[in-house]
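Report on the following structure.
A, B, ... follow the sequence lines: proteins, then strands. Residue 1 opens every chain.
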2 protein chains.
Amino acid sequence: MKRTKKKAFREFIAQKGLKSTRQRDIILDAFLSSDRHMSIEELYLKLRAKHPNIGYATVYRTLKLFAESGIAREIQFGDGQTRYEHVAEGEHHDHLVCTHCGTIIEFENETIEKLQDEVAQSHDFIIETHKLELYGICGKCRK
Amino acid sequence: MKRTKKKAFREFIAQKGLKSTRQRDIILDAFLSSDRHMSIEELYLKLRAKHPNIGYATVYRTLKLFAESGIAREIQFGDGQTRYEHVAEGEHHDHLVCTHCGTIIEFENETIEKLQDEVAQSHDFIIETHKLELYGICGKCRK
DNA sequence: GACAGAAATGAAAGTGATTTTCATAAACAA
DNA sequence: TTGTTTATGAAAATCACTTTCATTTCTGTC
Ligand SMILES: [Mn+2]
Ligand SMILES: [Mn+2]
Ligand SMILES: [Zn+2]
Ligand SMILES: [Zn+2]
């Protein structure tokens, strides 16, 4: 998985005529070995511990590249920070977000996806992407 | 409908001990007679034509009040601008957004809503709100 | 109507999260 | 190694709000 993504990114870099740099390798490793749903700031701070000389702008630009290459996806949970999450080849999931403790649960539901397509079709739309987020209180927070 | 919302807002104002001002009336009229899904900036510019002396901050604060009073809902389509849309009593809808021309279509789907509740339940969550947006290309833009 | 106190307004300053600029440094093809 | 292209980091600029504060309005009382 990690291997696959590294390879995928290397190929993206090559195919685009971009350069393979020390920073991009470091940031990719940090990203792949981190929580899903990291903000730029979070990843930047995590990196700073071992690599104090990496700039925020580089992390920012590199995460954009990850998204462009298809190994990451940009998400917004409405807290004002852009987050990036790992994308697995051919997979998709949506999110359940606890508004109390911030816990994020991922889920897939084929039936919902199908119904979405039907809705789109009935309005003569062809869906490219979608966003489904359920905000609420998790079990722990209700106790 | 427009009547109802005006009344609802007047009552909200009264019940909260706030004041009824010329600006709030003007902004409410402009909001109610405008497209659904207006950004603060858009409403502000629309207003400026007839009322050059109304400040951006007042529009901003008043839209927040509309949302608080229940006659408007804040939405984010990921374009970096907060938008406000009319809310009809006891109604709910989700959005289909054309990424090419910006057209927004509203839809309701009871089955999807039910499935969302089931997903939440299965993860011991109680949903407070949700966001479902389908992004794609509309029929017109495909021709 | 005149007044006092409370709340609202508008212009300008402040915020926070990006996003861009630019001088310098690193890749990489030849 | 060299020349050319691309990347990097620090700092400045942007953008979309959000807050501050001096001044105006409202509104209930005389
Ligand atoms: Mn996820
Ligand atoms: Mn809508
Ligand atoms: Zn929780
Ligand atoms: Zn379109």
Side-chain angles (χ1 to χ4, degrees), chain A residues 9-31 37-69 72-84 102, chain B residues 9-31 37-69 72-85:
Chain A
F9 187 61
R10 247 197 316 276
E11 280 166 9
F12 171 80
I13 286 290
Q15 171 255 313
K16 276 268 190 177
L18 305 178
K19 289 172 178 171
S20 165
T21 69
R22 207 171 52 78
Q23 286 89 336
R24 284 175 179 165
D25 287 346
I26 292 170
I27 296 170
L28 181 53
D29 276 335
F31 176 66
H37 322 117
M38 291 282 270
S39 68
I40 305 172
E41 179 84 18
E42 282 167 359
L43 192 55
Y44 170 65
L45 291 178
K46 176 178 174 181
L47 277 162
R48 282 244 303 216
K50 290 214 169 187
H51 308 278
N53 48 333
I54 283 188
Y56 179 96
T58 300
V59 177
Y60 159 80
R61 286 183 288 229
T62 305
L63 283 172
K64 287 241 136 158
L65 270 189
F66 291 170
E68 206 187 323
S69 79
R73 177 165 69 133
E74 219 173 292
I75 41 177
Q76 298 276 170
F77 287 134
D79 64 345
Q81 305 234 148
T82 299
R83 288 165 189 287
Y84 288 84
Chain B
F9 187 62
R10 246 197 317 275
E11 279 166 8
F12 171 79
I13 287 290
Q15 171 256 312
K16 276 267 190 178
L18 305 178
K19 287 173 180 172
S20 165
T21 70
R22 206 171 53 79
Q23 286 89 336
R24 285 177 178 163
D25 287 346
I26 292 170
I27 296 170
L28 181 53
D29 275 334
F31 177 65
H37 322 117
M38 291 281 268
S39 69
I40 305 172
E41 180 84 16
E42 281 166 358
L43 192 54
Y44 170 64
L45 292 178
K46 175 178 174 181
L47 276 163
R48 281 243 303 214
K50 290 212 169 191
H51 307 279
N53 47 333
I54 283 188
Y56 178 96
T58 301
V59 177
Y60 159 79
R61 286 183 289 228
T62 304
L63 283 172
K64 287 242 137 160
L65 269 191
F66 291 170
E68 207 187 323
S69 78
R73 177 165 69 133
E74 221 173 289
I75 41 178
Q76 299 276 171
F77 286 132
D79 64 344
Q81 306 233 145
T82 299
R83 286 165 192 285
Y84 288 85
E85 68 174 346

Could you tell me which non-hydrogen atom of S39(B) sits nearest to which non-hydrogen atom of R83(B), and how far apart they are?
-> N-NH1, 3.8 Å
Between F66(B) and the options Y60(B), Y84(B), F9(B), the ring pair (Phe, Tyr, Trp, His ring centres under 6.0 Å) test singles out F9(B)
Quick one: does R10(A)'s side chain have a donor or acceptor within less than 3.5 Å of a partner on S20(A)'s backbone?
-> no
Please step through side chain to side chain contact (heavy atoms under 4.5 Å, CB included) for the pair L63(A) and M38(A), ending with a clear verdict.
-> CA-CA 10 Å; L63(A) 283 172; M38(A) 291 282 270; over 6 Å; no
Give me the first and last nucleotide of DNA chain C, going 5' to 3', that has any atom under 4.0 Å from a heavy atom of chain A.
-> dA17(C) to dC28(C)
Let me know the distance between NE2 of H51(A) and C1' of dA7(D), rounded to the nearest Å.
-> 17 Å
Contact class for R61(A) vs. all strands (heavy atom < 4.0 Å): base, sugar-phosphate, or nothing?
-> base
Whole Å only: how far is the CD1 atom of I26(B) from the C1' atom of dT25(D)?
-> 13 Å
Atom CZ of R48(A) and atom C1' of dG9(D): how far apart are they, to the nearest Å?
-> 12 Å
Between NZ of K64(A) and P of dT6(D) the distance, given in whole Å, is 21 Å
Search all heavy atoms of L65(B) against all heavy atoms of F12(B) and return the closest pair with its distance.
-> CD2-CE2, 3.8 Å
Starting at the 5' end of DNA chain D and moving along, which residue's nearest nucleotide shows up first, S20(B) or E74(B)?
-> E74(B)
For R24(A) and K19(A) the tightest heavy-atom approach is NH1-O, 2.7 Å
Please figure out whether T21(B) or Q76(B) has its closest DNA chain D nucleotide nearer the 5' end.
-> Q76(B)
Per atom distances to the A57(A) side chain, the nearest of dG9(D), dA16(D), dT27(D) is dG9(D)
Using a heavy-atom cut-off of under 4.0 Å over every strand shown, decide if E41(B) touches base, sugar-phosphate, or nothing.
-> nothing
Might you point out which heavy atoms bring H37(A) and E42(A) nearest each other, and give the distance in Å?
-> O-OE1, 3.9 Å
Between CD of Q81(B) and P of dC15(D) the distance, given in whole Å, is 11 Å
Measure from OH on Y44(B) to P on dT18(D) and round the result to the nearest Å.
-> 17 Å
Ranking dC26(D), dG9(D), dC17(D) by distance to the side chain of K19(B), first place goes to dC26(D)
With a 4.0 Å cut-off on heavy atoms, is S39(A) in touch with a base, just the backbone sugar-phosphate, or nothing at all?
-> nothing
How many Å lie between OH on Y60(A) and P on dC15(D), as a whole number?
-> 12 Å
Calculate the interatomic distance between I27(A) atom CD1 and dA7(D) atom C1'; express it in whole Å.
-> 11 Å
Nearest to the side chain of L18(A), which nucleotide is it out of dT18(D), dT19(D), dA7(D)?
-> dA7(D)
